[in-house]
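Can you read through this structure? Questions will come right after.
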Amino acid sequence: MGAPAVERKRADYHGLRQPCVRPSKGLAMMRTETCGGPSRGTVFRKVGLMLLAGVLMQASARPAMAAQQDVALPGEAAYPESITATADGTLYVSNFAGGGVTRIKPGAASGEVWITPGDFETRSTFGVLADEASGTLWVCSNDLSALGIKGPSDVKGAALKGFDLKTGAGKVSAPFPVSPAICNDIAIGPDGAAYVTNTLGPQILRLKPGSQNLDVWKSDPLLAPVGKEAGLDGIAFGIDGNLYVDTFTKAKLFRIDVKDGQAGAVTPLTPSRPLVLADGLRPLGDGSFLLAEGGGRLDRVTFAGDTAKVEVLKDGVAGGVTGVAQLGPTAFITVGQLAVINDPARKDSKPELPFRVLTVPLAAR
C-alpha cells in the first residue's frame, strides 16, 4: 500500500467510532464491537494490519521468477567439454574442437565468444573453473592434433592457463611437466592451489598460488589408464578435505586422502549403480557432488565410506553430458556431442545445432 493510501486510511479514523478488535482463536475468528472512540493503540494496530495486507497483496501480484532457460552456443563446432559459473550468474564454456571460451551473461539465451580461440597460446579447451578468490578463470589447453583435431594455433602439449576473470587477459601459463598428457579438469584446494587431472597418465598435478610451474602432487598405478583408454577426468574436493576423482572410459571413482595438503592413500569407491563415461565432477554445498556422465545422465553423488550413492537427476541426454555447473537451485549441463568427432563410426555425421547448455532443477534435500 502506497503512502497516499495510508494517509487516506488514517484520515478516515478522525471523528468516527471505531471497532475494537478482540482476537479469538486467531485472525480468522476475530470479533469486533463498537467502542466509545478510537484509541491510539487501536488505530496503530489497524493501520499495521492494513499495511500487512497491502504487502501480501503486492507480493501475490508479482510475477513468479522466470525459470532458468536453456542456452544456445555460437558456431557450428562448439563441442562444449566443460562449464563453470561465477556468483553473479555468468557461465563460461570450453570448446573441445575449436578452442576458446564462450561466456554466457546472466539470463542470456545465447553465449558469445569471450576468449578467442588460440588466444594466449591455447589449443583445444577442456576443463574450465572460475576461481573468484584469485580472480582467475582456469582453462585446460590441449594439442589434440594426434586425434585428428587440429584446433587453433600450433602450440604443442598440454597446459593449464589462467585468465583474468574481469578482462579475459591471459596471466598464467603452466605447461604439463609429464608426457603423455591431457589437461582435463581443475579443482581449487583449501590451500588456494589449482589441482588438475592428467587423462593420459596416473598423475594429479598442482599449481601453487603465484607459481607458473606445475608439480606432480599424486601419482598412483590405480589411477593409470590402460592402452587407449581415457583416464582421469573429473576432480573435486569434498567438505571432508579429501579429493575425489573419476575416470572417463572405465567410469571409476576414487578418493584420495589429504592431510596437511599432502596426498595419502588412493581408495576405489563402489557406486550404487554402474556409471557410463564419468566426466565433470563438481561439489555441492551439502557434501554431495554433481557428476556428468557422457552416457547421457546428470547425477547427484553422495560418498559414504568406500561407497557412492548415485541419484539420477536427468537421463536420456542425447549427445552426452560433459560438464556441469551449479547456480542456486539450478544445474547447467553441457551437451558435448563429442562422438561426432571422436567415433570413427560417425565420421560423416553432423552435430545437432545449435550446441546447447541445458538447465536441470535441483530439488531441495
Side-chain angles (χ1 to χ4, degrees), residues 62-120 122 124-141 152 160-172 185-188 194 236 279-280 282-285 290 292 298 313-314 317 319 321-337 351-362:
R62 293 191 189 105
M65 183 177 291
Q68 295 282 6
Q69 60 183 341
D70 296 344
V71 182
L73 299 176
E76 297 183 357
Y79 296 104
E81 204 280 335
S82 181
I83 185 170
T84 188
T86 50
D88 67 353
T90 304
L91 298 165
Y92 301 86
V93 182
S94 63
N95 187 326
F96 183 91
V101 174
T102 295
R103 180 176 64 181
I104 303 166
K105 294 180 179 179
S110 60
E112 59 185 7
V113 175
W114 186 56
I115 294 176
T116 304
D119 189 24
F120 202 49
T122 53
S124 296
T125 52
F126 278 50
V128 288
L129 185 69
D131 177 15
E132 295 189 77
S134 68
T136 306
L137 177 68
W138 296 107
V139 180
C140 275
S141 172
L160 177 64
K161 303 283 186 173
F163 295 85
D164 188 288
L165 261 177
K166 291 184 178 179
T167 66
K171 61 180 186 178
V172 178
D185 213 344
I186 312 135
I188 302 300
D279 210 314
R282 293 287 190 253
L284 289 168
L290 292 174
L298 173 67
L313 302 179
K314 188 174 181 65
V317 180
V321 183
T322 53
V324 58
Q326 177 204 6
L327 280 173
T330 304
F332 292 80
I333 59 175
T334 45
V335 183
Q337 301 189 67
E352 180 181 342
L353 298 178
F355 285 89
R356 288 192 172 275
V357 172
L358 306 181
T359 57
V360 180
L362 299 175

Which pair of heavy atoms, one from Val360 and one from Lys314, lies closest together, and at what distance?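 The pair with the smallest heavy-atom distance is CG2-CD, 3.5 Å.
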Is a donor on one side and an acceptor on the other found under 3.5 Å between the side chain of Lys161 and the backbone of Phe120?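 Confirmed, Lys161 side chain pairs with Phe120 backbone.
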When you look at Val335 and Val317, which way does the side chain to side chain contact (heavy atoms under 4.5 Å, CB included) test go after all the steps? CA-CA 8 Å; Val335 183; Val317 180; 3.8 Å; yes
Looking at side-chain heavy atoms only, is the closest gap between Phe355 and Val93 below 4.5 Å?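 Answer no - side chains too far apart.
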Using a 6.0 Å cut-off, check whether atom CD of Glu132 has over 12 heavy atoms from anything other than its own residue.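 Enclosed: over 12 neighbouring heavy atoms sit under 6.0 Å from CD of Glu132.
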Do you know which two heavy atoms are closest between Ala130 and Ala85, and how far apart they sit?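 Heavy-atom minimum between the residues: CB-O, 3.8 Å.
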Looking at side-chain heavy atoms only, is the closest gap between Pro80 and Leu73 below 4.5 Å?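 Yes. Closest side-chain heavy atoms under 4.5 Å.
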Where at least one partner belongs to residues 71-86, residue pairs that pass side chain to side chain donor-acceptor pair (under 3.5 Å), sequence neighbours excluded: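 For residues 71-86: Thr86-Asp88.
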Under the 3.5 angstrom rule, does the side chain of Asp279 hit a backbone N or O of Gly323 as a donor-acceptor pair?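 No; judged by distance alone, with no hydrogens or angles, the pair does not exist.
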Check: Thr125 side chain, Gly99 main-chain N or O, donor-acceptor pair, under 3.5 Å: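 Side chain of Thr125 to backbone of Gly99: no pair is present.
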Give the minimum heavy-atom separation between Gly336 and Thr322, together with the two atoms involved.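 Taking Gly336 first and Thr322 second, the nearest heavy atoms are CA-CG2, 3.8 Å.
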Which of these passes side-chain contact (heavy atoms from CB on, under 4.5 Å) with Leu165: Leu137, Thr90, Thr136?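 Output: one option passes, namely Leu137.
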So which heavy atom on Tyr92 is nearest to which on Val128, and how close?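 Taking Tyr92 first and Val128 second, the nearest heavy atoms are O-CG2, 3.6 Å.
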Report yes if the side chains of Leu313 and Leu362 come closer than 4.5 Å at any heavy-atom pair, otherwise no.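 Yes. Closest side-chain heavy atoms under 4.5 Å.
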How close do Ile186 and Gly127 get, counting heavy atoms only, and between which atoms?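 Result for this residue pair: CD1-O, 3.4 Å.
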So, does Gln326 use its side chain to make a donor-acceptor pair with the main chain of Gly328 at under 3.5 Å?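 Here the side-chain-to-backbone pair exists.
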Criterion side chain to side chain contact (heavy atoms under 4.5 Å, CB included) on Val139 and Ser94, from CA distance to verdict: CA-CA 8 Å; Val139 180; Ser94 63; 5.6 Å; no
With sequence neighbours left out, what residues match Phe126 under ring pair (Phe, Tyr, Trp, His ring centres under 6.0 Å)?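 Scan of Phe126 (ring pair (Phe, Tyr, Trp, His ring centres under 6.0 Å), adjacent residues dropped) gives Phe96.
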Going by atom type alone, with no hydrogens or angles, which donor-acceptor pairs under 3.5 Å involve a side-chain atom of residues 107-118 and a protein atom two or more places apart or on another chain?
| unit_1 | atom_1 | unit_2 | atom_2 | d |
| --- | --- | --- | --- | --- |
| Glu112 | OE2 | Arg103 | NH2 | 3.2 |

Are side-chain heavy atoms of Pro361 and Thr359 found at a separation under 4.5 Å?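 No - every pair of side-chain heavy atoms lies 4.5 Å or more apart.
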Side-chain heavy-atom pair Leu129, Ile188 within 4.5 angstrom cut-off: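 They are in contact (side-chain heavy atoms under 4.5 Å apart), so the answer is yes.
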Leu327 and Leu91: side chain to side chain contact (heavy atoms under 4.5 Å, CB included), yes or no, with the steps? CA-CA 9 Å; Leu327 280 173; Leu91 298 165; 3.9 Å; yes
Contact between Asp119 and Val101 at the side-chain level, heavy atoms closer than 4.5 Å - yes or no?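 With C-beta onward as the side chain, the pair stays apart.
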Interatomic spacing from CD1 in Ile83 to CD1 in Ile104 - rounded to 0.5 Å: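 Rounded to the nearest 0.5 Å, the CD1-CD1 separation comes out at 5.5 Å.
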Verdict with supporting geometry, Arg282 and Asp185, salt bridge (Lys or Arg N to Asp or Glu O under 4.0 Å): CA-CA 10 Å; Arg282 293 287 190 253; Asp185 213 344; 3.5 Å; yes
Taking all non-hydrogen atoms of both residues into account, name the closest pair between Ala97 and Ser124 and its distance.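 Minimum heavy-atom separation between Ala97 and Ser124: O-OG, 3.6 Å.
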Distance from Leu290 atom CG to Leu284 atom CG, nearest 0.5 Å?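 Going from CG on Leu290 over to CG on Leu284, the span is 4.0 Å.
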